[in-house]
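The structure appears right after this line, and notes come after that.
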Amino acid sequence: MKNFISGLSWKSLKGKMLSVFLVTALLPSVLLILFSYLNTSGIVRENVEELMRANLAQTQSSLDVWVGSYEDILYQIYMNDDIVDMVDNINQNKEIAVTTGQLRRTLRGMFYTKEHIKCITIITESGQIVFYDLLTGSSTKTSWMGNMEMSSREIYDYISEDNETSILPTRQAGVYASKRYYLFHLGHRIIDYQNVDKPLGVVIVSVDETMLQEMCASDDNENSYKFMVDKEGKLFSGPDKELLGKRIINWSGDTQERKAQYEEFLQKNKGDRFRQAAVNLRYDEAFGVDIVQVSNQEELHTRLDNQQRIMLLVLGVTALVLLLLIITMTRNQIGRAHV
């Protein structure tokens, strides 16, 4: 009977000690590790998001500066008195051949200011097209106009409808010297400051898309890259050259909806590589494009999972040691009680 009571006492004491162990040691440890993991994960993800936002802001600032410098070339052309006079003479059908030659030589002199300019084109009110094209080297065919969805007249009407700089989307220009070129275009109506309402023509500066890609790719790596999408949902610049000028999303005024569409686009076109990608975007009002940054989060998730495993391992070892201590202490107490 005494042994039976001692056995009950041993079990009762052991149960109480285990209960105290669970409440005072194991449960707080689990909660502490869980809180630490969630807090660390949140901080890491927040820091990554903040870095991506800062990077996008820097890219937007660089874009505005670069594009602004090319708009200066436009300004030098559409406000140039000599060019205005030559375009006016062409519209009035005065010495067309001579004036066209002079205008073309004047445009050629503009190329040396910016390395990425590939063509400068003027479309006059009368429908004459005068250009200098570095890619074709021709005076009869531009590298870009034949690939546009608009006719020369539609391009003229689109650019001349206001006094703002117009942007024409990126299109393939063709292969020249074994290199495939893609161009986007900045356009502005030509202005005679003595009669600002007089229709004269428009000037279009065609710029190599490589300029945008170099700017975006300055800090890219195998797990991160950027691309640009215009307000028609078409890819304006990016590493996927075969998709340039093609619609990849249905444009929406809702940023979150566009973000979801970019994520869907990545899942369809990038597969498992960007299965856990984080997408951030910033709309550039001046240029009229989304700057989209994609960052593969798989490595981040792997590191967080490894951290979680380490924490659980530490918790398990700690719990086992405490449990063994409790059992040892309990047996010692029972042993003394028997004595």
Side-chain angles (χ1 to χ4, degrees), residues 70-111 113-114 116-174 176 181-209 230-232 234 236 245 288:
Y70 282 87
E71 285 187 306
D72 288 342
I73 304 300
L74 269 179
Y75 178 82
Q76 292 175 32
I77 298 173
Y78 71 73
M79 291 294 288
N80 185 290
D81 290 339
D82 293 333
I83 291 177
V84 168
D85 290 339
M86 285 185 277
V87 171
D88 193 29
N89 287 337
I90 292 173
N91 285 329
Q92 296 181 41
N93 204 27
K94 294 180 179 178
E95 299 180 331
I96 295 293
V98 175
T99 306
T100 299
Q102 291 176 342
L103 181 55
R104 191 165 183 268
R105 286 191 295 273
T106 302
L107 296 179
R108 182 176 59 184
M110 299 287 183
F111 276 85
T113 55
K114 293 293 177 182
H116 291 291
I117 296 177
K118 300 304 177 186
C119 184
I120 300 177
T121 308
I122 286 179
I123 305 175
T124 69
E125 169 65 22
S126 61
Q128 290 283 337
I129 301 175
V130 184
F131 61 90
Y132 189 84
D133 196 312
L134 282 180
L135 298 181
T136 64
S138 169
S139 61
T140 59
K141 182 181 179 181
T142 67
S143 56
W144 65 275
M145 197 168 289
N147 297 322
M148 298 298 291
E149 296 175 353
M150 296 184 290
S151 66
S152 59
R153 192 67 205 182
E154 288 172 332
I155 294 173
Y156 175 88
D157 291 338
Y158 173 71
I159 296 175
S160 62
E161 66 183 4
D162 56 36
N163 288 323
E164 301 295 327
T165 298
S166 300
I167 300 172
L168 299 177
T170 303
R171 291 288 186 273
Q172 179 177 314
Y176 302 94
Y181 287 88
Y182 297 84
L183 305 178
F184 69 94
H185 317 274
L186 306 176
H188 202 287
R189 66 178 291 263
I190 297 172
I191 300 174
D192 181 354
Y193 67 89
Q194 294 180 345
N195 185 0
V196 294
D197 295 324
K198 182 179 181 180
L200 290 169
V202 298
V203 57
I204 302 143
V205 173
S206 302
V207 185
D208 192 344
E209 183 269 342
D230 64 23
K231 289 189 289 187
E232 294 183 358
K234 296 178 180 179
F236 198 91

- [ ] To the nearest 0.5 Å, tell me how far T121 OG1 sits from I123 CD1.
- [x] 7.0 Å
Task: Pairs flagged by ring pair (Phe, Tyr, Trp, His ring centres under 6.0 Å) wherever residues 82-110 is involved - sequence neighbours left out - done: none
Open item on the list: Distance check, rounded to the nearest 0.5 Å: I129 atom CD1 versus T140 atom OG1?
Closed with: 11.5 Å
Open item on the list: side-chain hydrogen bond (donor to acceptor under 3.5 Å, both in side chains) for N91 and S126? Distances and angles first, verdict last.
Closed with: CA-CA 5 Å; N91 285 329; S126 61; 3.2 Å; yes
Open item on the list: If you compare all heavy atoms of T136 against all heavy atoms of K141, which two are closest, and at what distance to 0.1 Å?
Closed with: OG1-O, 3.1 Å
Open item on the list: Has N89 got a side-chain atom pairing as donor or acceptor with K94's backbone, closer than 3.5 angstrom?
Closed with: no
Task: Closest non-hydrogen atom pair, M148 against P169 - done: CE-CD, 4.4 Å
Open item on the list: Do E125 and L200 make a side-chain contact, defined as non-hydrogen atoms from C-beta onward lying under 4.5 Å apart?
Closed with: no
TODO: Decide yes or no on side-chain hydrogen bond (donor to acceptor under 3.5 Å, both in side chains) for E209 and T170, but give the supporting numbers first.
DONE: CA-CA 7 Å; E209 183 269 342; T170 303; over 6 Å; no
Task: D133 vs S143, side-chain hydrogen bond (donor to acceptor under 3.5 Å, both in side chains): CA-CA, chis, key distance, verdict - done: CA-CA 7 Å; D133 196 312; S143 56; 2.8 Å; yes
TODO: Check the pair Y70, V207 against side chain to side chain contact (heavy atoms under 4.5 Å, CB included), reporting the backbone distance first and the verdict last.
DONE: CA-CA 9 Å; Y70 282 87; V207 185; 3.9 Å; yes
- [ ] Flag the pair C119 / L135 as yes when at least one side-chain heavy-atom distance between them is below 4.5 Å, and no otherwise.
- [x] no
- [ ] Taking atom CD of Q76 as the centre, report whether more than 12 heavy atoms of other residues, nucleotides or ligands fall under 6.0 Å from it.
- [x] yes
Open item on the list: To the closest 0.5 Å, what do you measure between CD1 (I96) and CG (L103)?
Closed with: 11.0 Å
TODO: Decide yes or no for I159 and I204: does some side-chain heavy atom of the first lie under 4.5 Å from some side-chain heavy atom of the second?
DONE: yes
Task: Reported OG1-to-CD1 distance for the pair T100 and I122, which is rounded to 0.5 angstrom - done: 10.0 Å
Open item on the list: Give me the atom names and distance for the closest heavy-atom approach of R153 to G127.
Closed with: NH1-N, 4.4 Å
Task: Residue pair Q92, D88: steps toward the side-chain hydrogen bond (donor to acceptor under 3.5 Å, both in side chains) verdict - done: CA-CA 6 Å; Q92 296 181 41; D88 193 29; 3.1 Å; yes
- [ ] If a pair satisfies ring pair (Phe, Tyr, Trp, His ring centres under 6.0 Å) and one of its residues is in residues 122-161, list it, with sequence neighbours excluded.
- [x] F111-Y132, W144-H185
Open item on the list: Which heavy atom of V203 sits nearest to which heavy atom of I190, and what is that distance?
Closed with: N-CG1, 4.2 Å
Open item on the list: Using every non-hydrogen atom in the two residues, find where R171 and K234 come nearest and quote the distance to one decimal.
Closed with: NH2-NZ, 3.7 Å
Open item on the list: Give me the atom names and distance for the closest heavy-atom approach of T106 to M86.
Closed with: OG1-CE, 3.6 Å
Task: From CG (L74) to CE (M79), nearest 0.5 Å - done: 12.5 Å
Open item on the list: Assess the residue pair Y193 and D81 against the criterion (side chain to side chain contact (heavy atoms under 4.5 Å, CB included)); give the C-alpha distance rounded to whole Å, side-chain angles, the decisive distance to 0.1 Å, and a yes or no.
Closed with: CA-CA 9 Å; Y193 67 89; D81 290 339; 3.1 Å; yes
Task: Any side-chain heavy-atom pair of I167 and F236 under 4.5 Å - done: yes
Open item on the list: Looking at N163, is its backbone amide N or carbonyl O close enough to the side chain of H188 to form a donor-acceptor pair, meaning the two atoms are under 3.5 Å apart?
Closed with: yes
- [ ] May I ask you to decide if the ring planes of Y181 and Y176 are parallel, tilted or perpendicular, using 30° and 60° as cut-offs?
- [x] tilted
Open item on the list: Once rounded to the nearest 0.5 Å, what's the spacing between atom CG of L186 and atom CG of L168?
Closed with: 8.5 Å
